[in-house]
Amino acid sequence: MTRMGRPRKDNAKRESITIRMSEDTHKKLTEYAARHNMSMTEVALRSLEEFLSRQN
């Protein structure tokens, strides 16, 4: 019997974190994501990647 579900990717994201934010920050994030047709996760990942690239 074959396995069901999503095929595995070589670069699959397997790690996760949970953050708490103020209502105001959450509202800004939600609005930004909607304006740019992005998920909140995509906005957060892109922002974090940009921030970390500036630290080197």
Side-chain angles (χ1 to χ4, degrees):
M1 179 181 240
T2 61
R3 291 184 69 179
M4 300 292 286
R6 184 181 299 182
R8 294 192 180 261
K9 291 183 177 180
D10 291 335
N11 63 346
K13 295 176 179 77
R14 291 188 173 89
E15 302 296 330
S16 65
I17 63 168
T18 301
I19 62 169
R20 294 185 178 273
M21 64 186 78
S22 68
E23 285 184 37
D24 186 51
T25 300
H26 186 267
K27 181 179 176 185
K28 289 176 184 178
L29 175 59
T30 303
E31 290 172 353
Y32 182 92
R35 276 196 317 272
H36 293 88
N37 296 317
M38 298 168 64
S39 68
M40 290 193 297
T41 299
E42 188 175 6
V43 173
L45 284 173
R46 285 186 181 190
S47 300
L48 183 57
E49 288 169 357
E50 182 178 335
F51 174 80
L52 293 173
S53 72
R54 292 181 182 182
Q55 301 305 304
N56 294 326

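Worth saying up front: this structure is predicted, and the values here are computed from it rather than measured.
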Sequence neighbours excluded and cut-off under 3.5 Å, please list the side-chain donor-acceptor pairs for residues 40-48, or say none.
unit_1	atom_1	unit_2	atom_2	d
Glu42	OE2	Arg46	NH2	3.0
Ser47	OG	Val43	O	2.8

query: Can you tell me how far CD of Glu50 sits from CD of Gln55, rounded to the nearest 0.5 angstrom?
result: 11.0 Å

Side-chain donor-acceptor pairs of residues 25-32 under 3.5 Å, sequence neighbours excluded:
unit_1	atom_1	unit_2	atom_2	d
Thr25	OG1	Ser22	OG	3.0
Lys28	NZ	Asp24	OD2	3.3
Thr30	OG1	His26	O	2.8

